[in-house]
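Input: a single structure, listed below in structure tokens.
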Number of protein chains: 2
Amino acid sequence: MNLRDLKYIIAVAETRHFGKAAEHCFVSQPTLSGQIRKLEEELGVTIFERSNRSVAITPVGQEILHHARQIMEQAEAIQQVSKRHQDPLAGPLRIGAIPTLSPYLMPLLLTPLKKRHPQMQLVLSEEMTGTLLQRLQRHEIDAALLATPADSPDLDTLPLFDEPFWVAYPRNHPFYTREKITQSDLDSENLLLLSEGHCLADQAMAVCHLQRRQSEGEMADLRAASLETLIQLVGAGYGITLIPALAMRGSWASGSGVVAQPLASADTSRQVALVYRHSFPRQAALQALAAVILDNLPNTVTPLDPSQA
Amino acid sequence: MNLRDLKYIIAVAETRHFGKAAEHCFVSQPTLSGQIRKLEEELGVTIFERSNRSVAITPVGQEILHHARQIMEQAEAIQQVSKRHQDPLAGPLRIGAIPTLSPYLMPLLLTPLKKRHPQMQLVLSEEMTGTLLQRLQRHEIDAALLATPADSPDLDTLPLFDEPFWVAYPRNHPFYTREKITQSDLDSENLLLLSEGHCLADQAMAVCHLQRRQSEGEMADLRAASLETLIQLVGAGYGITLIPALAMRGSWASGSGVVAQPLASADTSRQVALVYRHSFPRQAALQALAAVILDNLPNTVTPLDPSQA
DNA sequence: ATTTACCATCGATTTCATCGATGATTTGAG
DNA sequence: CTCAAATCATCGATGAAATCGATGGTAAAT
């Protein structure tokens with residue numbers, strides 16, 4: 001059996017004429033006759049009762065025709081679905097982002113994206129780096145916005161921007177009168193961290209030359225579950241912390257008794273990138289997304305040339 | 001697109017493995033890979049996202065797969081329908097019969113047929129010869145039981161039996177004391193006829209050497225709509241009539257004050273035959289039907305050798 | 001480093017749909 | 001009654017396309 005054959009019998013059923021049906025299918029009449037005969041032999045039934053003067057469909061043929069029409073309908077549905085998805089931008093794009101980035105980047109992104117590519121549809125999720133990488137491998141999301149290099153041969157990375165860390169401290173802290181704060185100024189401070197698994201915790205420790213084991217003992221009970229909580233702890237005088245630049249735009253920035261300013265030394269930033277499976281077929285959609293991101297960054301971060309992958 | 005290709009993508013979707021899927025489809029792995037790639041190119045979408053370590057279906061692929069499964073389901077339905085109809089005896093057989101035959105032949109036939117070919121299913125209709133021939137040409141019925149030769153190049157005839165005419169007259173009629181009644185005895189009698197269109201009316205006139213026009217004037221208002229009515233008229237003394245042999249078995253035969261006996265001369269019978277389209281594909285079913293008819297006739301009629309078509 | 005697993009690619013082969021020409025049969029016109 | 005038109009079936013040649021076995025490339029496992 002064959003979609004072509006089904007097309008043929010539908011044409012014959014509609015025209016009741018082998019010649020017309022053949023013409024309608026853009027084949028010669030012998031071809032159509034032969035294929036229908038072959039199909040009838042394969043099925044072991046007579047679909048059309050033909051004489052020199054008339055072509056009539058048998059009761060079995062009528063039943064077969066019914067199913068054939070449904071098949072053609074479904075086949076056309078496949079064509080439709082495909083056509084709708086031929087634009088690589090179309091169709092939901094499942095994007096995951098880390099919690100220290102997502103709430104601050106996405107608001108910048110969504111409106112311009114809607115304006116630029118109205119057919120794009122993002123499905124957002126917010127999880128920590130490890131989980132995002134798992135879900136990427138399991139094809140549960142299509143790409144992840146991460147601040148750590150992803151090293152897997154399956155995954156490709158599109159660098160987006162360099163996001164500096166800012167130091168956040170209470171208004172009554174000695175830092176408040178300093179013009180510049182450098183990396184070494186932090187060594188003697190009590191650094192508050194996010195809970196285990198957040199890449200920002202690791203990044204902050206790295207900036208402050210802390211070892212994981214060191215911090216675990218001292219500050220385990222002071223780890224915060226979110227950036228917002230972390231700020232509250234800083235405001236309450238438990239210590240200082242590092243905040244990625246985009247998060248400075250959060251609503252807490254004013255009136256919480258917490259002040260922040262950029263770190264004045266080098267290497268105190270993290271690289272945000274879009275990570276996706278090497279085999280992902282809609283990379284054009286990711287390129288478009290990345291372009292919109294780069295076009296709408298505040299000047300507190302530094303766009304990266306995509307060529308330095 | 002192609003049913004084969006759809007089978008392939010379903011297999012890949014189920015196994016998530018090109019090799020296994022190919023094995024499952026009884027083709028080589030390159031063949032399956034190639035066909036899927038071709039289908040993807042044709043549709044312009046990626047159905048499977050493949051890497052060396054994993055095969056995953058894309059969202060588009062998922063949609064396509066859904067339709068593909070429905071298509072395969074319908075295709076299997078076609079196979080099923082065909083298999084059910086491969087027995088040419090199976091499936092409804094639409095038989096029409098003339099009103100002067102149907103009520104008397106069918107009761108003889110149905111029980112033995114059910115015993116002999118339980119899978120056969122008759123759809124009966126009862127109409128006059130002309131209507132039956134029309135419906136035969138329009139494929140509305142598959143065969144007709146007629147008592148007149150059907151002369152059309154499209155139609156074939158299977159002779160069944162020779163059915164003599166009996167003379168029916170009231171008990172007080174002079175015929176009641178006769179041992180033999182011949183054709184010529186009828187000439188002076190008032191012959192009652194069925195209404196226009198019934199072949200029995202023409203046959204009775206032919207036996208009695210009457211012209212159509214002759215009878216029309218005299219007896220137009222005495223024509224009966226059914227054999228049963230005709231008998232009532234005979235019983236009421238309006239005249240005599242001719243009754244085909246099988247109809248003698250009707251329930252009216254006893255106690256209606258009407259007597260009947262065979263006509264004692266030659267050529268006073270009609271030939272009952274099964275008429276069907278030359279192109280009808282299930283002639284085996286008709287042969288089976290004819291055989292059952294011939295095996296269950298009463299000895300008042302003479303079976304005909306099917307070879308004298 | 002070697003083996004294993006797996007999908008992609010390539011060239012040769014075979015299968016099969018297609019075409020044009022022709023045949024057979026019936027219908028309708030002259 | 002003969003001839004032309006209509007219509008489906010059959011036949012042989014052609015070409016496109018599916019298939020296969022062999023092979024390549026890559027990543028994971030040992």
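Labels below follow one simple rule: chain letters A, B, ... track the order of the sequence lines, proteins then strands, and each chain is numbered from 1. Worth knowing before you read on, the calculation uses all heavy atoms, side chains too, and leaves out hydrogens, waters and symmetry mates.
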Considering only heavy atoms from C-beta outward, does the side chain of B/H17 approach that of B/V12 to under 4.5 Å?
no

Can you tell me if A/R50 touches the phosphate of D/dT7, counting only side-chain N or O atoms and a distance under 4.0 Å to OP1 or OP2?
no

Is it true that atom NE2 of A/H24 has more than 12 heavy atoms of other residues, nucleotides or ligands lying nearer than 6.0 Å?
no

So does B/Q70 have more than 12 non-hydrogen atoms from other groups sitting under 6.0 Å from CD?
yes

Could you run down the sub-3.5 Å N/O contacts of the protein with nucleotides 27-30 of chain D?
none

As a quick check of understanding, evaluate salt bridge (Lys or Arg N to Asp or Glu O under 4.0 Å) for A/K38 and A/D5, giving each step before the final call.
CA-CA 9 Å; A/K38 187 180 64 65; A/D5 302 339; 3.6 Å; yes

Applying a 4.0 Å non-hydrogen cut-off, can you work out what B/F48 is touching in the nucleic acid: base, sugar-phosphate, or nothing?
nothing

For [X] and [N], give me the distance from atom [atom1] to atom [atom2], rounded to whole Å.
{"X": "A/R16", "N": "D/dA6", "atom1": "CZ", "atom2": "C1'", "answer": "18 Å"}
{"X": "A/H278", "N": "C/dA8", "atom1": "NE2", "atom2": "C1'", "answer": "13 Å"}
{"X": "B/I47", "N": "C/dC7", "atom1": "CD1", "atom2": "P", "answer": "16 Å"}
{"X": "B/L32", "N": "D/dA18", "atom1": "CG", "atom2": "C1'", "answer": "12 Å"}
{"X": "B/E49", "N": "C/dC6", "atom1": "CD", "atom2": "P", "answer": "18 Å"}
{"X": "B/R37", "N": "D/dA18", "atom1": "CZ", "atom2": "P", "answer": "11 Å"}

Between the side chains of A/H85 and A/R282, is a donor N or O closer than 3.5 angstrom to an acceptor N or O?
no

5'-most contact on DNA chain C: A/K38 or A/P30, nearest heavy atom basis?
A/K38

If you assign each of B/S54 and A/Q35 to its closest nucleotide in DNA chain C, which residue comes earlier from the 5' end?
B/S54

Considering only NZ, NE, NH1 and NH2 on the basic side and carboxylate oxygens on the acidic side, decide whether [X] and [Y] come within less than 4.0 Å.
{"X": "B/R50", "Y": "B/E40", "result": "yes"}
{"X": "A/R69", "Y": "A/E14", "result": "yes"}
{"X": "B/D142", "Y": "B/R94", "result": "yes"}

Rounded to the nearest 0.5 Å, how far does CD of B/Q86 lie from CG of A/L43?
8.0 Å

Given that B/R4 and A/T31 both sit by DNA chain D, which one's nearest nucleotide is further toward the 5' end?
A/T31

Nearest of D/dG21, D/dA9, C/dC7 to any side-chain atom of B/S33?
C/dC7

Which ones in residues 17-29 of chain B lie close to DNA chain D, meaning a heavy atom under 4.0 Å from one of its atoms?
B/F26, B/V27, B/S28

